[in-house]
Every structure is written in structure tokens, then in C-alpha cells.
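One structure is given below, encoded as C-alpha cells.
As a basis for the values below, the full set of heavy atoms in this structure was taken, side chains included, without hydrogen atoms, waters or symmetry mates.
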Amino acid sequence: MSDVTVFAPSPTLTITVEDHPQGSEIHVHAGGQGVWQARMLRRLGCDVTMCCVLTGEVGGQLGHLLEDEGLRVLAVERAGRGSAYVHDRRDGKRVAIAEEQGDPLGRHELDDLYTRMLDAASKSRISILSGP
């Protein structure tokens, strides 16, 4: 049983290039509102389960990043294009290099996701609905 279950249907892979005294610094993170909420709850000491859809190659990387942050991930995995962006912030401004919203969720993925969320939420003290 988790303290909190977060419904975050579409996490985003974020890649950011920033300036550093010794050259460019590249950061790779899981992003999206639900991810930020889950991350803050973990830092406050909560046990967090995140229910999401992980799509394609991007989703595979997101799953590892989320688990590395100590989140329990209940994911519907599917083929396709996942949500991701690459931003360049070396000049102090955010310049979008590439942005992908990801493929829309189909009826079957949504049914599977809702089932996982309802099951996990019934075993948690608190549930948070987040995301698009």
C-alpha cells in the first residue's frame, strides 16, 4: 500500500542543454505535472505509486528515470511516440530544439490505465489526479 497514488497519464521525457563553465551540460529527467507532484511527495517522505502510460522508446527511458527516483510505477506500456522535448538554455532563454506531444491514448490503453489507477487508489490513503 502506498501513501499516495498519482494518476499521471502522459509523463514527458525532458532533455535540457545548459551552459556550464567547462562546456555544455545536458540534463535528462522525467517531467510533467504528475511527475513533479510525485517527486515532491517522495522528498517529503511519502511512499508514492504513479499510474501512467509509457510509450515506445521514450517510455522505456521514462520508466527507468521514475523508478530511479524511488517511485513505484504502474504503467501501461505501448508502442508509438512518447511525449518528449529537447530545450537549449545555454543563452539564458529556453529555445525549443524538438518537441513531441506523443501519440494520443486509445480506448484500450485508457481502460487499462483507469483499471490500474482505481486498484492502486483503493489501496492508498490519498489519490491525486494529474496530467492532461
**OP:** Starting at CG of Leu54, measure out to NE2 of His64 and round the result to the nearest 0.5 Å.
**Re:** 10.0 Å
**OP:** Check Glu99, His27, Lys93 against His87 for a side-chain hydrogen bond (donor to acceptor under 3.5 Å, both in side chains) and give me the one that passes.
**Re:** Glu99
Original post:
In Å, rounded to the nearest 0.5 Å, how long is the span from CG of Asp112 to CE of Met117?
Top reply: 15.0 Å
Subject >> Worked verdict on Arg90 versus Glu18 for salt bridge (Lys or Arg N to Asp or Glu O under 4.0 Å) >> reply: CA-CA 4 Å; Arg90 289 177 288 187; Glu18 295 182 349; over 6 Å; no
Original post:
Atom CG of Leu41 and atom CD1 of Ile126: how far apart are they, to the nearest 0.5 Å?
Top reply: 8.0 Å
Original post:
Leu66, Val58: one ILVMFWY side-chain cluster at the under-4.5 Å cut-off?
Top reply: yes
**OP:** Evaluate the criterion salt bridge (Lys or Arg N to Asp or Glu O under 4.0 Å) for residue pair Asp119 and Lys123; output intermediate values, then yes/no.
**Re:** CA-CA 7 Å; Asp119 181 55; Lys123 300 171 186 165; 3.2 Å; yes
Original post:
Would Ile26 and Leu65 show up in the same hydrophobic cluster when neighbours are defined by side-chain heavy atoms closer than 4.5 Å?
Top reply: yes
Original post:
Do Met50 and Leu13 share a hydrophobic cluster (ILVMFWY, side-chain heavy atoms under 4.5 Å, transitive)?
Top reply: yes
**OP:** Could you tell me the separation between the SG atom of Cys46 and the CZ atom of Arg125, rounded to the nearest 0.5 Å?
**Re:** 7.5 Å
Subject >> side chain to side chain contact (heavy atoms under 4.5 Å, CB included) evaluation trace for Thr5 with Cys51 >> reply: CA-CA 7 Å; Thr5 297; Cys51 295; 3.9 Å; yes
Subject >> Point-to-point distance, once rounded to the nearest 0.5 Å, from CG of Leu62 to OG of Ser10 >> reply: 9.5 Å
Subject >> Nearest heavy-atom neighbours spanning Val53 and Pro11 >> reply: O-CD, 3.7 Å
Original post:
How many angstroms lie between CG in Leu105 and CG in Leu110, if you round to the nearest 0.5 Å?
Top reply: 5.0 Å
Subject >> Residues, nucleotides or ligands: over 12 heavy atoms within 6.0 Å of Arg89 CZ >> reply: yes
Subject >> Ser24 versus Val17, closest heavy-atom pair with distance >> reply: CB-CG1, 4.0 Å
Subject >> Shortest non-hydrogen separation from Val35 to Ala30 and the atoms involved >> reply: CG1-O, 3.5 Å
Original post:
Under 3.5 Å, is there a donor-acceptor pair linking the side chains of Ser130 and Gln33?
Top reply: no
Original post:
Going by distance alone, is a donor N or O of one side chain under 3.5 Å from an acceptor N or O of the other, for Arg78 and Thr55?
Top reply: yes
Original post:
More than 12 non-hydrogen atoms from neighbouring residues, nucleotides or ligands closer than 6.0 Å to CG on Asp68, yes or no?
Top reply: yes
